[in-house]
Amino acid sequence: MKTKTFLTLLLVAVALSSQAQTASSFTLQGKIEGVQKGDTIIVSIYDVPDWNVAKRDTLIVQQDNYFQGIIPIQHTEYLTLMHFPKNGTPLPSSKMALTFLAGKNDKITLTGNVEYFVLSDIKGGFYDNPLIQSVYTLEREYDKKGIDIYRNIEKHKTNNQKDSVQFYAEQYNTRRRPEELRTINDSIANRTHDTEYAAFRFLMNNFDWDYSAGKSRFEKFNSEIKDSYFGKKAEELIRKKGMLEVGNTPPDFMVVTNKGIERKLSSYKGDYLLLYYWGMCPASIQISPQLVEFYNSYHPQGLEILSITKDDALKSQPQLKENPEIWARFKDFLSPPWDVVYEVEGKNTQMASDYIFNVLPTVMLISPEGKTLFRGYNEYEAMKKEFLDDFNKRNAQ
């Protein structure tokens, strides 16, 4: 009798455990023409707005033209899907992954074909909302045109047809997102108050709003959305932005530079500190010579620069240093005269989150007293003006 009771309790415990696991997951199924048994689907979950991969799952396709999986999540998540065929490589594409939002207990169904896997139609969850579906439809249309142009570029590159490559490259670079898409996205992000998708869009647009605007917008969400995962994320980001506002004292940090030296915000007390978040992008390459000139002019008079970047480009791309012509052009960019912090190393990861470094390039000027004087994106001239106004005022006293 005792054995039967024990077994019954065990079965109940297993059932409850299974239900709890299901409650912290969503169902994903893909009806994708051309997907083959043995293909791989990589599911990545991103931490928004830091844009780091928080988790990654792998699905192996079990039958042609169809795949399914139960994806564990603890709350609403932003995910990407990438398809890798068992034979060969994915088709060239300007859009590398299918992106979507999923909540607990959602059933997300994808339909489409392998040629445009990243543009698969999405049904279920948030995407049953007509307004959200209209955004996704417009995004798909825009991205499809971009993928088609990109594939023409790659085709003509292979055939060494430079005129055709240039023709399609100009088409690609002059594309503009439809005004209707921007209008609907803006409406969701700023004027929709009763869906967590709006809080997500609000976070996505965080570079467009400061502390005051963010706080005002957040107060318009209803209580359910404020208490949602992305609602709480938005509230935390607003708090961080408040600490970084001009006139306020930003949080202290502890990082290790490329020279192995530990640095804190307090290490620069008495000097101006310019924080420069950069990466391998045209805007960073463009602003870099100006910052080198700025540094050389004012470093003897108390200006320090600390630059933060994802990783060491010279380690990941050593060929950049091997070509004398390229090295002469990009030396100051890749190996500047100031301290560099690689975000991926040890203690350095927290600073990018605390200082909301997620747009390239970001410049942030801090006074000798440790207060924010300026913060902006690719705004060298405005930053320099703020520096000179403060610098000249101090020296005139």
Side-chain angles (χ1 to χ4, degrees), residues 19-28 44-52 54-55 70-80 98-110 121-140 177-245 248 353-354 356 358-359:
Q19 290 175 4
Q21 187 176 19
T22 302
S24 295
S25 62
F26 76 95
T27 302
L28 173 68
S44 299
I45 297 177
Y46 278 79
D47 181 19
V48 179
D50 295 332
W51 300 113
N52 298 316
K55 186 178 179 182
I70 305 297
I71 310 300
I73 56 173
Q74 297 302 314
H75 42 68
T76 304
E77 296 282 16
Y78 176 74
L79 303 101
T80 68
L98 172 67
T99 62
F100 64 97
L101 214 62
K104 290 193 297 183
N105 300 320
D106 282 352
K107 183 176 181 180
I108 302 296
T109 300
L110 312 176
D121 187 28
I122 302 176
K123 291 291 189 294
F126 294 100
Y127 299 90
D128 287 343
N129 180 307
L131 186 60
I132 295 170
Q133 183 60 230
S134 68
V135 169
Y136 184 64
T137 299
L138 287 169
E139 287 178 338
R140 284 170 60 206
R177 289 188 179 274
E179 186 63 34
E180 183 183 3
L181 177 57
R182 288 196 291 268
T183 300
I184 298 175
N185 268 331
D186 180 68
S187 177
I188 293 175
N190 299 311
R191 289 182 289 279
T192 303
H193 315 310
D194 59 355
T195 170
E196 192 177 2
Y197 187 89
F200 165 73
R201 280 289 178 183
F202 174 60
L203 274 171
M204 291 273 283
N205 296 347
N206 73 85
F207 48 85
D208 283 338
W209 47 265
D210 60 13
Y211 168 75
S212 298
K215 186 176 180 182
S216 175
R217 167 64 182 112
F218 181 78
E219 290 305 318
K220 295 175 183 176
F221 286 122
N222 67 28
S223 57
E224 180 184 354
I225 304 309
K226 286 179 181 178
D227 289 337
S228 70
Y229 174 72
F230 281 115
K232 290 178 180 178
K233 278 278 190 177
E235 187 175 29
E236 173 64 11
L237 186 64
I238 291 166
R239 184 193 68 79
K240 288 181 180 180
K241 285 208 172 193
M243 297 181 70
L244 303 176
E245 284 278 282
N248 290 346
S353 176
D354 289 345
I356 318 177
N358 53 20
V359 178

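All values reported here derive from a predicted model rather than from experimental measurement.
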List the atom of [X], the atom of [Y], and the distance in Å for their closest heavy-atom pair.
{"X": "A198", "Y": "F221", "answer": "CB-CE2, 4.0 Å"}
{"X": "I225", "Y": "A199", "answer": "CG2-CB, 4.0 Å"}
{"X": "F126", "Y": "A102", "answer": "CE1-C, 4.4 Å"}
{"X": "G214", "Y": "I238", "answer": "O-CD1, 3.3 Å"}
{"X": "S25", "Y": "I70", "answer": "OG-CG2, 3.4 Å"}

Run the side chain to side chain contact (heavy atoms under 4.5 Å, CB included) check on R140 and D121 step by step: do they pass? CA-CA 9 Å; R140 284 170 60 206; D121 187 28; 3.4 Å; yes
Check each of D186, T137, L138 against L181 using the side chain to side chain contact (heavy atoms under 4.5 Å, CB included) test, and report the only one that passes.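 It is L138, the one option of D186, T137, L138 that forms the side chain to side chain contact (heavy atoms under 4.5 Å, CB included) with L181.
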Measure from the side-chain N and O atoms of [X] to the backbone N and O of [Y], and report whether any donor-acceptor pair falls under 3.5 Å.
{"X": "K240", "Y": "S353", "result": "yes"}
{"X": "N358", "Y": "P49", "result": "yes"}
{"X": "Q74", "Y": "K104", "result": "no"}
{"X": "S134", "Y": "L131", "result": "yes"}
{"X": "S187", "Y": "T192", "result": "no"}

In sequence, state the C-alpha distance, the side-chain angles, and the governing distance for L244 and N248, and then conclude on side chain to side chain contact (heavy atoms under 4.5 Å, CB included). CA-CA 6 Å; L244 303 176; N248 290 346; over 6 Å; no
Using a 6.0 Å cut-off, check whether atom NZ of K215 has over 12 heavy atoms from anything other than its own residue.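 Count not over threshold, so no.
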So, taking the atom named [atom1] in [X] and the one named [atom2] in [Y], what distance separates them when rounded to the nearest 0.5 Å?
{"X": "I356", "Y": "L237", "atom1": "CD1", "atom2": "CG", "value": "4.5 Å"}
{"X": "Q133", "Y": "K123", "atom1": "CD", "atom2": "NZ", "value": "4.5 Å"}
{"X": "N190", "Y": "D208", "atom1": "CG", "atom2": "CG", "value": "8.5 Å"}

Given side chains that start at C-beta, do those of [X] and [Y] come closer than 4.5 Å, heavy atoms only?
{"X": "I122", "Y": "L110", "value": "yes"}
{"X": "I132", "Y": "V135", "value": "no"}
{"X": "H193", "Y": "R217", "value": "yes"}

So H75 and Y229, would you call those rings parallel, tilted or perpendicular, with 30° and 60° as cut-offs?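 It falls in the parallel class, under 30°.
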Determine whether the aromatic ring centres of residues Y127 and F100 are separated by less than 6.0 angstrom.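 No, ring centres 6.0 Å or more apart.
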Are [X] and [Y] within salt-bridge range, i.e. N to O under 4.0 Å?
{"X": "E179", "Y": "R182", "result": "yes"}
{"X": "R239", "Y": "E236", "result": "yes"}
{"X": "K233", "Y": "D47", "result": "yes"}

May I have the step-by-step check of side chain to side chain contact (heavy atoms under 4.5 Å, CB included) for T99 and L79, ending in yes or no? CA-CA 6 Å; T99 62; L79 303 101; over 6 Å; no
Between the side chains of R201 and Y197, is a donor N or O closer than 3.5 angstrom to an acceptor N or O?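 Present: a donor and an acceptor within the cut-off.
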Verdict with reasoning, N185 to N205, per side chain to side chain contact (heavy atoms under 4.5 Å, CB included): CA-CA 10 Å; N185 268 331; N205 296 347; 5.6 Å; no
Among F207, F230, W209, ring-ring contact (aromatic ring centres under 6.0 Å, His included) partner for F202: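 Running ring-ring contact (aromatic ring centres under 6.0 Å, His included) over F207, F230, W209 with F202 returns exactly one hit, W209.
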